[in-house]
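Because the structure is predicted, anything quoted here is derived from the model rather than measured.
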Amino acid sequence: MPPYIELLSLTDIGCNDEIPESANTIEGNALIKANFVKENYGYECFADDTGLEVAALNNEPGVYSARYAGPENNAESNMNKLLVNLENKSNRNARFKTVIALTLKEGHQLFTGICEGEITKEKRGADGFGYDPIFQPKGFDKTFAEMTLEQKSEIGHRGKAVRLLIEFF
């Protein structure tokens, strides 16, 4: 990042609010979060949202990835529901999508990172979080949960979106 940019966390600016995620798209939720900080705290801001899109399920869970099995945001329940919903499906293609929304004085920019892959039939690996134990990126024989953080960051959706944001600056 250029030296004239100072990164502040929500804690740094005194934001302890539960920021709503009420949009029906990943892009919309990223914008809601970035605009919330800009409108309520006066800072230009970047915020992200991420979802897992499964082709055979009409891109579910998508924007509802964190609460797919219910509002408690339980990763195990979410994975179990997804595996059950895919039991009789031969197409297990999926993709992780991260969108970073950057709000500036003159408007906003969106940066999208996508990682294509497929949903495995069983959980594998102990690292990562969310759907990582059942997502195997295209061209690899490991799930995200079996990869190191460095490997995942290099090929993953968040890393791709962050690199686009950095290139913008």
State plainly whether one hydrophobic cluster holds both Tyr64 and Leu83, where clusters connect Ile, Leu, Val, Met, Phe, Trp and Tyr through side-chain heavy atoms under 4.5 angstrom apart. no
Which one of Asn80, Ile119, Leu86 satisfies the side chain to side chain contact (heavy atoms under 4.5 Å, CB included) criterion with Ile134? Ile119
Judged by atom type as modelled, is there a donor-acceptor pair below 3.5 Å linking the side chain of Glu44 to the main-chain atoms of Leu102? no
Contact between Asp48 and Val162 at the side-chain level, heavy atoms closer than 4.5 Å - yes or no? no
Can Glu116 and Lys138 be counted as an ion pair, charged N to O under 4.0 angstrom? no
Less than 4.5 Å apart, side chain to side chain, heavy atoms only: is that true for Asp132 and Met147? no
If we only count heavy atoms from C-beta on, is the Leu82 to Pro61 side-chain gap below 4.5 Å? yes
Note: Pro137 and Lys142 closest approach over all heavy atoms is CD-O, 3.3 Å
Gap separating the CG atom of Leu10 from the CD1 atom of Ile13, nearest 0.5 angstrom: 5.5 Å
How far does NZ of Lys121 sit from CD of Glu87, to the nearest 0.5 angstrom? 10.0 Å
So do Leu149 and Asp127 actually touch side chain to side chain, heavy atoms under 4.5 Å? no
Using modelled atom types only, decide if a donor and an acceptor are shared between the side chain of Arg92 and the backbone of Thr120 within a distance under 3.5 Å. yes
When Phe96, Tyr131, Phe135, Phe111 are each screened for ring pair (Phe, Tyr, Trp, His ring centres under 6.0 Å) with His157, the one that passes is Phe96
Closest heavy-atom pair and its distance - Ala161, Gly113: CB-N, 3.7 Å
If you measure from CD on Gln109 to CD1 on Ile100, what distance do you get to the nearest 0.5 Å? 12.5 Å
Leu57, Ile114: one ILVMFWY side-chain cluster at the under-4.5 Å cut-off? no
Distance under 6.0 Å and angle within 45° of the ring axis: does Lys152 meet both against Phe140? no
Relative to the ring of Phe36, is the ring of Tyr41 parallel (under 30°), tilted (30 to 60°) or perpendicular (over 60°)? tilted
Under a single-linkage definition using a 4.5 Å side-chain heavy-atom cutoff for Ile, Leu, Val, Met, Phe, Trp and Tyr, are Phe46 and Val37 assigned to the same hydrophobic cluster? no
Whether Asn74 side chain and Glu76 backbone form a donor-acceptor pair below 3.5 Å: yes
Between Thr103 (side chain) and Cys45 (backbone), is there a donor-acceptor pair under 3.5 Å? yes
Nearest-0.5 Å distance that lies between atom CD in Glu21 and atom CD in Glu18: 8.0 Å
Considering non-hydrogen atoms only, spot the tightest contact between Gly51 and Ser65 and give its length. CA-OG, 3.4 Å
Are Ile19 and Tyr43 co-members of a hydrophobic cluster defined by side-chain heavy atoms under 4.5 Å apart? yes
May I ask you to decide if Tyr68's main-chain N or O and Asn78's side chain share a donor-acceptor pair within less than 3.5 Å? yes
Asp12, CG atom: more than 12 neighbouring heavy atoms under 6.0 Å: yes
How long is the gap from CZ on Phe169 to CD1 on Ile5, to the nearest 0.5 Å? 4.0 Å
Backbone N/O of Glu154 and side chain of Arg163: donor-acceptor pair under 3.5 Å: yes
Tell me which donor-acceptor pairs under 3.5 Å the side chains of residues 23-30 have, and how far apart each pair is, sequence neighbours excluded?
unit_1, atom_1, unit_2, atom_2, d
Thr25, OG1, Gly28, N, 2.8
Glu27, OE2, Lys97, NZ, 2.7
Asn29, OD1, Ser22, N, 3.3
Asn29, OD1, Ala23, N, 2.9
Asn29, ND2, Asp49, OD2, 3.3

Could you tell me the separation between the CZ atom of Arg95 and the CG atom of Asn59, rounded to the nearest 0.5 Å? 6.5 Å
ILVMFWY cluster, Met79 and Phe129 together (side-chain gap under 4.5 Å): no
For a quick test of reading the model, state the closest non-hydrogen atom pair linking Glu53 to Gly62 and the distance between them. CG-CA, 4.2 Å
